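As the structure is a computational prediction, the values presented were derived from the model and not from experiment. Whatever order the structure lists ligands and atoms in, that order sets their numbers, starting from 1.
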Amino acid sequence: MNHCLTLLLAAAMALPAALMAQTPASAPAGFTDAARGPMPITGTTTPPRLTNSVNDDRRLPRNYDQQPPVIPHRVDGYQVDRNFNKCLDCHAREKSAFSGAVPVSNTHYIDRDGKVLDRISTRRYFCQQCHVAQEPVAPITGNRFQGTATTPKTTP
Ligand code: HEC
Ligand code: HEC
């Protein structure tokens, strides 16, 4: 308990100094933050293990224009490589009537020269470069970000 208190006090005093320093060579003694805990900047933390990701199939509102929607279901073990794309099994336009999944939008069929293709564009092939599943955890820091008026409240 005493130890914790000392750490907290030290952190409170060390923080402004850390913010003022342009390029701190290393963390001041006792520096702590929500993501790293008391681990010095030069050290490597052990991140908590991933649990089961959110799988409630409830599409989440987007936070800003052009945000790739987050994935409301588990994707563990889905094969996405040069031989096969499991996501397209449900999300390809021609599969969505059967699967009930939201079809990928037209942008996913346009190549970098603006040409509309009859198959998914290679630049949209690796879905998880942009779309991510969600972990059911509370954010470790506050966030007051607000989208603009043009942000779609929900996906179309
Ligand atoms: C077995 C079918 C299936 C597979 C495979 C699948 N999905 Fe889905 N996905 C769905 C369904 C169904 C929904 C819609 C949830 C709902 O509205 O009930 C969905 C929703 C989504 C959404 C949310 C879209 C939005 O507008 O909010 C994204 C993004 C997504 N999936 C990406 C992926 C990615 C990436 C993969 C591959 C790693 C994948 N899905 C594999 C069925 C699937
Ligand atoms: C380079 C980033 C990128 C990649 C790769 C990508 N997407 Fe997207 N995706 C987006 C963005 C941005 C949006 C929202 C704007 C739009 O529709 O273009 C989106 C929208 C979607 C939507 C919602 C469509 C709608 O009408 O609401 C689905 C479903 C989706 N993507 C699935 C996929 C799947 C499946 C793959 C892989 C085959 C994939 N995406 C690859 C960026 C990407």
Side-chain angles (χ1 to χ4, degrees), residues 11 15-16 18-28 31-156:
L15 197 59
L19 289 177
M20 266 165 6
Q22 291 256 304
T23 45
S26 64
F31 178 81
T32 179
D33 80 7
R36 301 181 57 83
M39 176 66 79
I41 300 288
T42 45
T44 305
T45 56
T46 313
R49 292 180 71 87
L50 295 178
T51 55
N52 283 339
S53 47
V54 173
N55 197 28
D56 59 13
D57 273 353
R58 285 211 325 262
R59 295 168 70 189
L60 285 169
R62 301 186 196 175
N63 298 310
Y64 55 90
D65 224 2
Q66 295 303 315
Q67 179 201 328
V70 296
I71 309 176
H73 58 70
R74 292 184 67 174
V75 291
D76 325 25
Y78 282 173
Q79 183 183 351
V80 179
D81 59 24
R82 63 196 280 255
N83 300 317
F84 185 67
N85 184 319
K86 179 66 185 167
C87 314
L88 288 175
D89 235 9
C90 294
H91 286 283
R93 277 198 294 225
E94 65 275 17
K95 298 283 178 63
S96 64
F98 171 74
S99 67
V102 198
V104 296
S105 44
N106 293 345
T107 53
H108 293 54
Y109 291 86
I110 300 174
D111 74 7
R112 65 178 178 183
D113 301 318
K115 200 165 145 235
V116 181
L117 312 171
D118 61 356
R119 58 185 186 284
I120 201 94
S121 168
T122 46
R123 61 181 189 158
R124 293 285 169 110
Y125 185 83
F126 292 106
C127 319
Q128 281 146 289
Q129 278 179 323
C130 303
H131 299 282
V132 284
Q134 300 298 293
E135 290 294 309
V137 291
I140 50 176
T141 58
N143 186 345
R144 286 174 293 155
F145 177 83
Q146 289 189 341
T148 61
T150 58
T151 303
K153 288 283 170 285
T154 52
T155 46

Numbering the atoms of ligand 1 from 1, which are under 4.0 Å from a heavy atom of [X]?
X      : value
Val70  : 23 (C), 29 (C)
Gln128 : 38 (C)
Cys127 : 35 (C)
Pro69  : 25 (C), 26 (O), 27 (O), 29 (C)
Ala101 : 10 (C), 11 (C), 12 (C), 42 (C)
Pro72  : 20 (C), 21 (C), 22 (C), 23 (C)
Val75  : 38 (C)

Search all heavy atoms of [X] against all heavy atoms of [Y] and return the closest pair with its distance.
X      : Y     : result
Tyr125 : Val80 : O-CG1, 4.1 Å
Pro136 : Thr51 : CD-OG1, 3.9 Å
Tyr109 : Glu94 : OH-OE1, 4.4 Å

At a threshold of 2.8 Å, where the distance has to be below it, does atom 8 (Fe) of ligand 1 have an N, O or S atom of Cys87 nearby? no

N, O or S from Cys90 under 2.8 Å to atom 8 (Fe) of ligand 1: no

Return the option from His91, Arg62, Gln66 holding the heavy atom at the smallest distance from atom 23 (C) of ligand 2. Arg62

If hydrogens are left out, which of Arg74, His73, Lys86, Lys95 has an atom nearest to atom 41 (C) of ligand 1, that is, the closest non-hydrogen atom? His73

Measure up the His91 and His73 rings against each other and bin them: parallel (under 30°), tilted (30 to 60°), perpendicular (over 60°). parallel

Atoms of ligand 2 less than 4.0 Å from [X] heavy atoms?
X      : value
Cys130 : 1 (C), 2 (C), 3 (C), 4 (C), 5 (C), 42 (C), 43 (C)
Leu88  : 38 (C)
Gln67  : 14 (C)
Tyr125 : 37 (C), 38 (C)
Phe126 : 5 (C)
Asn85  : 38 (C)
Arg123 : 1 (C), 5 (C)

How long is the straight-line distance from [atom2] of [Y] back to [atom1] of [X], given to the nearest 0.5 Å?
X      : Y      : atom1 : atom2 : result
Thr122 : Arg124 : OG1   : CZ    : 11.0 Å
Asp89  : Ser99  : CG    : OG    : 8.5 Å
Ile110 : Leu117 : CD1   : CG    : 8.5 Å
Lys95  : Cys87  : NZ    : SG    : 11.5 Å
Ser105 : Arg93  : OG    : CZ    : 9.5 Å
Ile71  : Asn55  : CD1   : CG    : 11.0 Å

His108 N/O/S atom closer than 2.8 Å to atom 8 (Fe) of ligand 2: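 Yes - counting backbone and side chain alike, His108 has an N, O or S atom under 2.8 Å.
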
I'd like to know whether ligand 1 has Asp89 as a neighbour, heavy-atom separation below 4.0 Å. no

Should the proximity of His131 to ligand 2, defined as any heavy atom under 4.0 Å, be assigned to the side chain, the backbone, both, or neither? side chain

Part of Arg59 within contact of ligand 2 (heavy atoms, under 4.0 Å):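 The part of Arg59 near ligand 2 is the side chain, not the backbone.
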
Would Asp56 and Arg58 pass as an ion pair if we require N to O under 4.0 Å? yes

Is any side-chain heavy atom of Gln134 closer than 4.5 Å to a side-chain heavy atom of Ser53? no

Just so I know, are the side chains of Val54 and Glu135 near enough to count as touching, which here means a heavy-atom distance under 4.5 Å? no

Using distance alone, decide if ligand 2 has a nitrogen or oxygen within less than 3.5 Å of any nitrogen or oxygen in Thr107. yes

Verify the distance criterion only: is there a donor paired with an acceptor across the side chains of Asp81 and Gln79 at less than 3.5 Å?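 Checked: Asp81/Gln79 side chains pair up, N/O donor to acceptor below 3.5 Å.
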
